[in-house]
Amino acid sequence: MKTIFLFCIVLATTFYKSQTVTVRGIAKDSLKINNIIGIVVNDTIRKFRDKAFKDEKFKSENWNKYEELVKNFSTSPDFPNGNYTITAKLTDTLYFYKRRYITQKYKVADIIKNNIKVILAPAPCVPHKKCDQKIPSKLYAFIGKRIEVTFIDQSKYCGLSLDSEYKAEYKIEQEFSDHYPNSSIFFTVYDHNSQYEYDFRNYETILIFVGEYCGDLIKDYFFPVYKTKDGRWAAPIDTYVEHYYKSDQFVPTNITFDKSVAFDLLTSNKNPSKDQIAQLKKIKFPEKYYKIENGKAIPIMGRFAEDLVKLWKEISGKNK
């Protein structure tokens with residue numbers, strides 16, 4: 001009888017652990033904001049993603065299973081009532097996620113037994129520094145060579161930002177404005193999804209303007225610059241923004257750039273057709289500013305860095 005009793009206990013325990021149930025509950029956030037709450041069985045999806053990002057072989061062999069995983073092991077509550085339904089085992093754990101909120105987790109059996117209603121609370125955050133200063137205390141205009149650019153995780157800050165934040169370190173090659181006391185400079189950059197040509201990170205050397213606002217050094221603007229044949233710094237003409245640079249004094253001039261300065265006509269096509277070349281000549285590399293040789297656009301006109309500094313100050317002064 002004792003053996004039979006123990007067998008029944010083991011059988012019942014095994015059945016309990018394997019029993020699948022439909023869980024119905026409520027999950028909301030305390031601020032009642034309509035951003036999606038994720039409910040995941042056993043933190044399955046995060047574990048899968050973490051493994052996939054660390055193990056390329058695992059990712060290549062299993063990434064096609066990701067959508068099915070999401071379908072079978074996750075759900076989201078409706079809004080504003082917060083009702084959700086999900087299938088899981090009694091011994092499973094449900095994880096309740098929301099960006100910038102504190103994750104909560106509960107055993108399925110406890111949710112059912114205690115009728116647990118999940119209310120997610122905002123995670124502690126750091127307020128953004130307030131600064132109403134419009135004109136910088138100091139303006140550093142210099143040729144800078146990239147040393148390091150680091151992406152800053154903004155999840156610790158309160159509120160949402162549409163801009164990416166970076167911390168940048170550059171070596172100062174040549175100054176044109178206020179003197180900075182060190183040979184390298186650290187500053188903050190805020191960028192709103194700039195296209196390739198206008199993303200400062202894609203250039204090794206730039207003419208950059210850094211202003212001091214409320215004690216912090218912030219990037220204002222930049223021009224990609226390249227060495228000329230006689231060792232000066234200059235920027236080729238960007239035809240897409242040239243119409244903004246309306247100035248009778250700082251017009252483009254003939255410049256002989258270093259022979260290494262040339263741009264691919266089409267980065268995705270090493271042998272562009274005649275029609276493609278004609279279109280690029282008309283829009284991006286007009287013959288007035290560039291000559292075309294062997295699939296490359298070679299700049300023949302531009303502005304020297306000294307003139308760019310004066311031009312930018314003239315334009316920014318008009319816009320204030």
Per-pair distances, 0.1 Å, donor-acceptor, side chain in residues 233-240, under 3.5 Å, sequence neighbours excluded:
| unit_1 | atom_1 | unit_2 | atom_2 | d |
| --- | --- | --- | --- | --- |
| D238 | OD1 | Y198 | OH | 3.3 |
| D238 | OD1 | Y240 | N | 3.1 |
| D238 | OD2 | Y198 | OH | 2.8 |
| T239 | OG1 | I283 | O | 2.7 |
| T239 | OG1 | K284 | O | 3.3 |

Indicate every side-chain donor-acceptor pair of residues 50-57 with a distance under 3.5 Å to a residue at least two apart or in another chain.
| unit_1 | atom_1 | unit_2 | atom_2 | d |
| --- | --- | --- | --- | --- |
| D50 | OD2 | R46 | NH1 | 2.6 |
| D55 | OD1 | K57 | N | 3.1 |
| D55 | OD1 | F58 | N | 3.1 |

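Among residues two or more places apart in sequence or in another chain, the salt bridge (Lys or Arg N to Asp or Glu O under 4.0 Å) test is passed with E68 by none. R232 is linked by a salt bridge (Lys or Arg N to Asp or Glu O under 4.0 Å) to E306, counting only residues two or more places apart in sequence or in another chain. With sequence neighbours excluded, the residues forming a ring pair (Phe, Tyr, Trp, His ring centres under 6.0 Å) with Y84 are F96, listed by chain and number. Listed by chain and number, the residues in a ring pair (Phe, Tyr, Trp, His ring centres under 6.0 Å) with F186 amount to none (sequence neighbours excluded).
Between the side chain of Y203 and the backbone N or O of E197, at least one donor-acceptor pair lies under 3.5 Å. In terms of modelled atom types and a separation under 3.5 Å, the side chain of D258 and the main chain of S260 share a donor-acceptor contact. Panel note: side chain D78, backbone N83; a donor-acceptor pair is recorded below 3.5 Å. With N42 contributing its side chain and T93 its backbone, the two residues share a donor-acceptor pair below 3.5 Å. In terms of modelled atom types and a separation under 3.5 Å, the side chain of N294 and the main chain of K296 share no donor-acceptor contact. Side-chain N or O atoms of N114 include none that pairs as donor or acceptor with a backbone N or O of I116 at under 3.5 Å.
The shortest distance between side-chain heavy atoms of K313 and S177 falls below 4.5 Å. Contact annotation: the side chain of T75 never approaches that of T85 to less than 4.5 Å [non-hydrogen atoms, C-beta and beyond]. Between R49 and I45 there is a side-chain heavy-atom pair separated by less than 4.5 Å. Between P299 and V261, the closest side-chain pair of non-hydrogen atoms falls below 4.5 Å. Counting heavy atoms from C-beta on, the side chains of I102 and P124 come closer than 4.5 Å. Inter-residue side-chain proximity for L90 and V21 is flagged as met; some heavy-atom pair is nearer than 4.5 Å. Side-chain contact check for Y170 versus V149: some heavy-atom pair is nearer than 4.5 Å.
Contacts classified as disulfide (SG to SG under 2.5 Å) and involving residues 145-226 (residues at least two apart or in different chains) are given here: C125-C158, C131-C214. Residues in residues 100-134 take part in these ring pair (Phe, Tyr, Trp, His ring centres under 6.0 Å) pairs, two or more places apart or across chains: H128-Y157. For residues 169-183, no residue pair satisfies the salt bridge (charged side-chain N to carboxylate O under 4.0 Å, His left out) rule, not counting sequence neighbours. Residue pairs that meet the ring pair (Phe, Tyr, Trp, His ring centres under 6.0 Å) test with at least one member in residues 131-150, sequence neighbours left out, are Y140-Y180. Sequence neighbours left out, not one pair with a member in residues 100-126 passes salt bridge (charged side-chain N to carboxylate O under 4.0 Å, His left out). For residues 206-217, every residue pair satisfying the side-chain hydrogen bond (donor to acceptor under 3.5 Å, both in side chains) rule, not counting sequence neighbours, is listed here: K129-D216, Y213-D220.
Both V225 and V241 belong to a common hydrophobic cluster when Ile, Leu, Val, Met, Phe, Trp and Tyr are linked at side-chain heavy-atom distances under 4.5 angstrom.
If you check the side chains of T188 and K167, you find a donor sitting under 3.5 Å from an acceptor.
Heavy atoms from other residues, nucleotides or ligands lying under 6.0 Å from CZ of F151 number more than 12. In the displayed structure, I36 atom CD1 is contacted under 6.0 Å by at most 12 heavy atoms of other residues, nucleotides or ligands.
Contact record, F257 with M301: CE1-O, 4.0 Å, taken as the closest heavy-atom pair. Of all heavy-atom pairs spanning D199 and F222, the tightest one is C-CZ, 4.0 Å.
The aromatic rings of W63 and Y66 sit parallel, their planes meeting at an angle under 30°, below the 60° perpendicular limit.
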